Amino acid sequence: MKKNPFVYGGPVKPDLFVDRHQEAVTVLNRLANPNDRGSSAISGSHRIGKTSFLHYIMHIAKVAPWELSLDKAHFVFLGCSSIPLDDGGLLNETEFWSRVLRSLERELPDRLKTCAKEILGSSDVTDSLGLELFFEDIAKSGRLVALLLDEFEYLVEQSDPVNPRLLYTLKSLINQPAPRGLALVTASKEALSTLGSKLRWRGSPFYNNFAFITLKPFNEDEVNELINLYLKGTGVEFSLQDRQFIYRVSEGHPEQVQYACSLLFEKKAESSVGGNT
Amino acid sequence: MNQDDPYREIEEKVKKRNKDTKEAPEKTSEVPREISRSDPRLQMDAWRGAWLLIFTFFLAVTLAMTGLSLLFGEPSPFGTYWFMWVILAFLVIIYPVAQIVDRWTGRR
């Protein structure tokens with residue numbers, strides 16, 4: 001039986017990620033630019049590939065022309081829905097920063113590691129001044145921390161709508177003059193500007209410093225590119241009619257392309273076992 | 001391989017999965033968190049709303065009564081209904097005072 005290479009229901013491996021080149025270039029150019037270190041907000045419908053895109057960003061950031069390797073940049077991926085809530089049912093800010101700092105601790109050089117440990121050991125991990133100084137030190141050392149925040153709507157919706165402290169702190173950290181020590185890449189279904197409207201925000205909007213990137217369904221060429229990549233070495237081929245069918249039935253939605261391809265692959269693999277191809 | 005049947009079967013499965021995943025409950029709430037009615041910051045907003053309502057009511061009544069009395073020969077707009085103007089003045093003064101108290105008590 002031939003192994004089905006198609007993936008649906010979860011993020012794909014970065015080396016099997018297809019297209020989104022222009023979107024990735026925009027995000028990484030902003031991160032790699034020392035005069036910017038800009039943040040980006042990814043949005044797109046359910047299962048369009050936002051999580052896969054964030055993993056892909058981390059994967060290709062190390063290569064040319066960006067060269068955001070470990071001595072220059074630290075990527076921290078955080079699924080916001082995994083952060084527990086406090087007793088009041090609000091997002092636990094201490095837990096958020098503890099997770100970020102603990103992830104960084106493993107990668108940072110000794111001096112910065114000590115700073116991270118000091119904050120983690122302090123009575124208030126969420127103290128915005130302490131965090132500002134920490135990320136200032138990161139910037140001074142020529143480094144950047146890129147926080148990749150998946151399911152960002154969770155963070156917004158579980159924040160205190162009257163005083164979303166964590167968002168104020170994040171806004172203040174990415175609002176520092178360049179070179180900044182922190183940049184955000186958020187992923188959510190709704191655009192950041194729509195999400196922000198649910199809050200009683202004071203001051204300039206949270207999304208002011210972001211580049212907005214919307215992930216759209218694939219076109220026919222991109223669907224073909226995906227099929228070619230996944231079928232490579234499997235010994236199974238999809239005809240032109242198959243490919244047109246896949247595109248029509250999935251409407252270019254990546255997960256549905258993968259699911260339809262997976263079903264078709266199984267049919268073809270079954271019939272080849274039965275000798276009917 | 002018969003192309004028609006597999007296509008139809010796959011199409012049905014894709015549509016069903018699409019429907020199922022769209023209907024599945026989301027991990028995150030679609031509805032933004034509601035602010036508790038007991039939240040002091042909301043009570044403060046309710047206080048401002050009440051002030052505006054009372055002020056508008058007294059302003060409308062005062063203007064209407066003063067207008068009518070002037071029409072029917074009252075010599076001064078502050079004549080019979082002078083106390084209404086006093087209430088209005090009180091309401092105007094109390095607003096900034098309440099704001100200062102809010103700041104002192106750290107509610108704003």
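Keep in mind it's a predicted model, so treat the numbers as computed, not measured. Below, chains carry the letters A, B, ... as their sequence lines are ordered, and counting in each starts from 1.
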Response to the item:
Residues passing the side chain to side chain contact (heavy atoms under 4.5 Å, CB included) test with Glu222(A), sequence neighbours excluded, are Asp19(A), Phe218(A), Asn219(A)
Worksheet item: More than 12 heavy atoms of other residues, nucleotides or ligands under 6.0 Å from CZ of Phe212(A): is that the case?
Response: yes
Fill in: Phe83(B) atom CZ, over 12 foreign heavy atoms within 6.0 Å
yes
Worksheet item: Any side-chain heavy-atom pair from Tyr7(B) and Leu264(A) closer than 4.5 angstrom?
Response: yes
Worksheet item: Applying the side-chain contact (heavy atoms from CB on, under 4.5 Å) test to Val249(A), which of Lys15(B), Glu11(B), Lys13(B) qualifies?
Response: Glu11(B)
Worksheet item: What's the spacing between Glu12(B) CD and Leu263(A) CG if we round to 0.5 Å?
Response: 11.5 Å
Worksheet item: Which residues pass the side-chain hydrogen bond (donor to acceptor under 3.5 Å, both in side chains) test with Asn228(A), sequence neighbours left out?
Response: Arg243(A)
Worksheet item: Counting heavy-atom pairs under 4.5 Å to chain B, which of Ala260(A), Gly9(A), Ser262(A) comes out on top?
Response: Ala260(A)
Worksheet item: Counting only heavy atoms not in Glu237(A), do more than 12 sit closer than 6.0 Å to its CD atom?
Response: no
Practice prompt. Could you tell me whether the side chains of Asn18(B) and Tyr259(A) share a donor-acceptor contact shorter than 3.5 Å?
Written response: no
